[in-house]
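One structure is given here, and the rest of the page talks about it.
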Amino acid sequence: MLVASVLSLKGGVGKTTVTLGLVSAALHRGVDTLLVDLDPQMNATTTVDPDSDPDNAGSNGRRRVSIAEVLDTPTAKVVGKALRTSQWGEHLRLLPGSERTEAHNHPDPGSKKLFRLAGALNKVSPAPELVLIDCPPSLGQLTRSALTAANRAVLVTEPSLFAVTGVQRALEAVQSERAAHRPTLQPLGVVINRFRPRVTEHEYRLAELKDLFGPLVLSPVLPDRSAVQQAQGAGVPIHQWPTAGAREIAQSFDALLDRLMRAGRLKTKR
Ligand SMILES: Nc1ncnc2c1ncn2[C@@H]1O[C@H](COP(=O)(O)OP(=O)(O)OP(=O)(O)O)[C@@H](O)[C@H]1O
Ligand SMILES: [Mg+2]
């Protein structure tokens with residue numbers, strides 16, 4: 001089981017977009033995938049499965065079980081109750097997000113709490129091939145739990161003024177969780193999102209990031225395309241959105257998924 005956590009220090013840079021793009025690429029290829037929505041904003045959940053909103057009562061009037069209850073009580077029984085199949089396809093299961101997950105976002109949690117998510121993922125049956133975790137925009141307990149459960153960290157940034165410090169701090173968080181709790185965790189690299197070629201500021205920031213982080217800057221960079229917002233608004237995987245912009249960005253996600261899956265194979269060979 002390859003577990004990848006998608007994170008950034010800053011909000012709104014494209015974590016959910018990258019997570020969903022990788023989900024879409026994985027489904028396109030028939031990879032059995034689990035999407036974990038750790039963000040209390042639960043944007044990933046509402047995109048892949050609007051009906052599974054756990055903050056709405058189900059038909060029996062009871063609140064649906066979400067990742068928040070899994071983090072309260074990470075037993076196989078609760079994990080089983082929270083797991084849903086998604087409307088995106090039979091190869092995608094979902095541990096849905098909830099506003100209640102915010103209660104698990106302590107800025108300085110004890111080690112024991114950080115392992116709850118990792119423990120819960122080991123209880124998903126049958127085990128998926130790939131787990132993608134969409135993190136909230138902070139480096140508190142939820143993101144650190146996601147790193148403690150992951151083999152690979154995917155850092156996301158826009159090519160903007162504070163990109164370097166944001167990436168630096170996210171990399172430090174990865175290194176500190178690796179040292180303290182998760183020896184198999186490695187950064188896959190940094191995804192540069194919403195890049196616009198020939199925009200001087202973007203070209204400058206990309207060069208700056210490459211200078212500082214070298215091969216950790218993942219290729220291809222993701223272009224800014226309105227198809228991303230259109231497909232998300234319609235709740236459709238980017239691979240199924242019928243425009244040239246969607247095809248272009250879907251191919252970029254295919255390449256990022258290749259890189260991720262290769263990293264997973266290397267890990268299992270060792
Ligand atoms: N490459 C892109 N091209 C066009 N729009 C994009 C692109 N990437 C992201 N967006 C849009 O930018 C907005 C923010 O993206 P997204 O929700 O993925 O960021 P996020 O980092 O998950 O935000 P948050 O920190 O709030 O969770 C969304 O409306 C999304 O559709
Ligand atoms: Mg998000």
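Computed from a predicted structure; not experimentally measured. For the numbers below, each heavy atom of this structure counts, side chains included, while hydrogens, waters and symmetry mates do not.
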Going only through I, L, V, M, F, W and Y residues with side-chain contacts under 4.5 Å, is there a path from [X] to [Y]?
X	Y	answer
L117	L7	no
L257	V48	yes
V18	L155	no
V190	V174	yes
I238	V156	yes

So which heavy atom on [X] is nearest to which on [Y], and how close?
X	Y	result
A26	L130	CB-CD2, 4.0 Å
D72	R116	O-NH1, 3.6 Å
A150	R182	O-NE, 2.9 Å
S138	T143	O-OG1, 2.6 Å
A227	T243	CB-OG1, 3.6 Å
D254	H239	OD1-NE2, 2.8 Å

Determine whether [X] and [Y] make a side-chain contact, defined as any pair of heavy atoms from C-beta on separated by less than 4.5 Å.
X	Y	answer
P40	L142	yes
P237	H28	no
V6	C135	no
E248	P223	yes
L83	L95	yes
L22	T33	no
R84	R93	no
L20	D134	no

Could you tell me whether a side-chain N or O of [X] sits under 3.5 Å from a main-chain N or O of [Y], the two making a donor and an acceptor?
X	Y	value
W88	G235	yes
H181	T148	no
R178	L185	yes
S86	L92	no
K210	V217	no
S66	A68	yes

Fill in: K113, NZ: over 12 other non-hydrogen atoms inside 6.0 angstrom
no
Worksheet item: Are there more than 12 heavy atoms of other residues, nucleotides or ligands under 6.0 Å from atom CZ of R169?
Response: no
Fill in: R152 vs Q186, side-chain contact (heavy atoms from CB on, under 4.5 Å): CA-CA, chis, key distance, verdict
CA-CA 5 Å; R152 287 296 180 278; Q186 285 183 28; 3.8 Å; yes
Worksheet entry | Chi angles and distances behind the side-chain hydrogen bond (donor to acceptor under 3.5 Å, both in side chains) call for D37, T45 | CA-CA 6 Å; D37 188 357; T45 300; 2.6 Å; yes
Item to complete: Apply salt bridge (charged side-chain N to carboxylate O under 4.0 Å, His left out) to the pair E69 and R100, showing each step before the final yes or no.
Response: CA-CA 9 Å; E69 286 71 34; R100 297 188 301 282; 2.8 Å; yes
So, taking the atom named [atom1] in [X] and the one named [atom2] in [Y], what distance separates them when rounded to the nearest 0.5 Å?
X	Y	atom1	atom2	result
E208	D211	CD	CG	8.0 Å
I192	L209	CD1	CG	4.5 Å
R64	K81	CZ	NZ	14.5 Å
T184	N151	OG1	CG	4.5 Å
Q87	T47	CD	OG1	11.5 Å
H91	T85	NE2	OG1	12.5 Å

Discussion item. If you apply the rule side-chain contact (heavy atoms from CB on, under 4.5 Å), what do you find for H104 with V70, and how did you get there?
Written reply: CA-CA 11 Å; H104 290 276; V70 169; over 6 Å; no
Discussion item. For a side-chain contact (heavy atoms from CB on, under 4.5 Å) check, start with the C-alpha distance between E172 and Q175, then their side-chain angles and the critical distance, and finish with the verdict.
Written reply: CA-CA 5 Å; E172 282 163 15; Q175 298 311 347; 5.7 Å; no
Discussion item. Pair L222, V228 - check side-chain contact (heavy atoms from CB on, under 4.5 Å), show working.
Written reply: CA-CA 11 Å; L222 298 178; V228 167; over 6 Å; no
